[in-house]
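Before any comments, here is the structure.
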Amino acid sequence: MSNGNEQMQTEFHNKANNAFFSVYHAFENAVSGVSRRRDEYKFQQLKKQYVLTLEQQLLTAAKDVLARYRNAKQVNEMDQMFSQF
């Protein structure tokens, strides 16, 4: 793997890691008072909302990394890799 690919993967990984834990903690706080016995629908709605938020943040992170390295030779390869994630 080339150095450019490694840099792009590392940058994306760091952004994705930060996004995941930020969204996860927000989700935990949002559902902390939700009883799954009484309010399963509400729990599922919140879960769906936070999954969409995470997906959007990951997409934004991938686009940011690709834009930053747009002149790198491996940008097309990385675009495909990010799409698979």
**Message:** Grouping I, L, V, M, F, W and Y whenever their side-chain heavy atoms are under 4.5 Å apart, do Val31 and Phe20 come out in a common cluster?
**Reply:** yes

**Message:** According to ring-ring contact (aromatic ring centres under 6.0 Å, His included), who are the partners of Tyr50, at least two apart in sequence or on a separate chain?
**Reply:** Phe27

**Request:** Kindly indicate, with the supporting measurements, whether the criterion side chain to side chain contact (heavy atoms under 4.5 Å, CB included) is fulfilled by Leu46 and Gln49.
**Result:** CA-CA 5 Å; Leu46 286 168; Gln49 173 189 340; 3.8 Å; yes

**Request:** Mind checking the OH-CG spacing from Tyr24 to Leu54? Nearest 0.5 Å is all I need.
**Result:** 12.5 Å

Who are the side-chain contact (heavy atoms from CB on, under 4.5 Å) partners of [X], not counting sequence neighbours?
X     : answer
Ser22 : none
Asp64 : Lys15, Thr60
Phe21 : Asn17, His25
Gln45 : Tyr41

**Asked** Just one of Leu58, Val51, Leu59 clears the side chain to side chain contact (heavy atoms under 4.5 Å, CB included) bar with Glu55, so which one?
**Response** Val51

**salt bridge (Lys or Arg N to Asp or Glu O under 4.0 Å) contacts in which one or both residues fall within residues 39-48, not counting sequence neighbours** = Arg36-Glu40

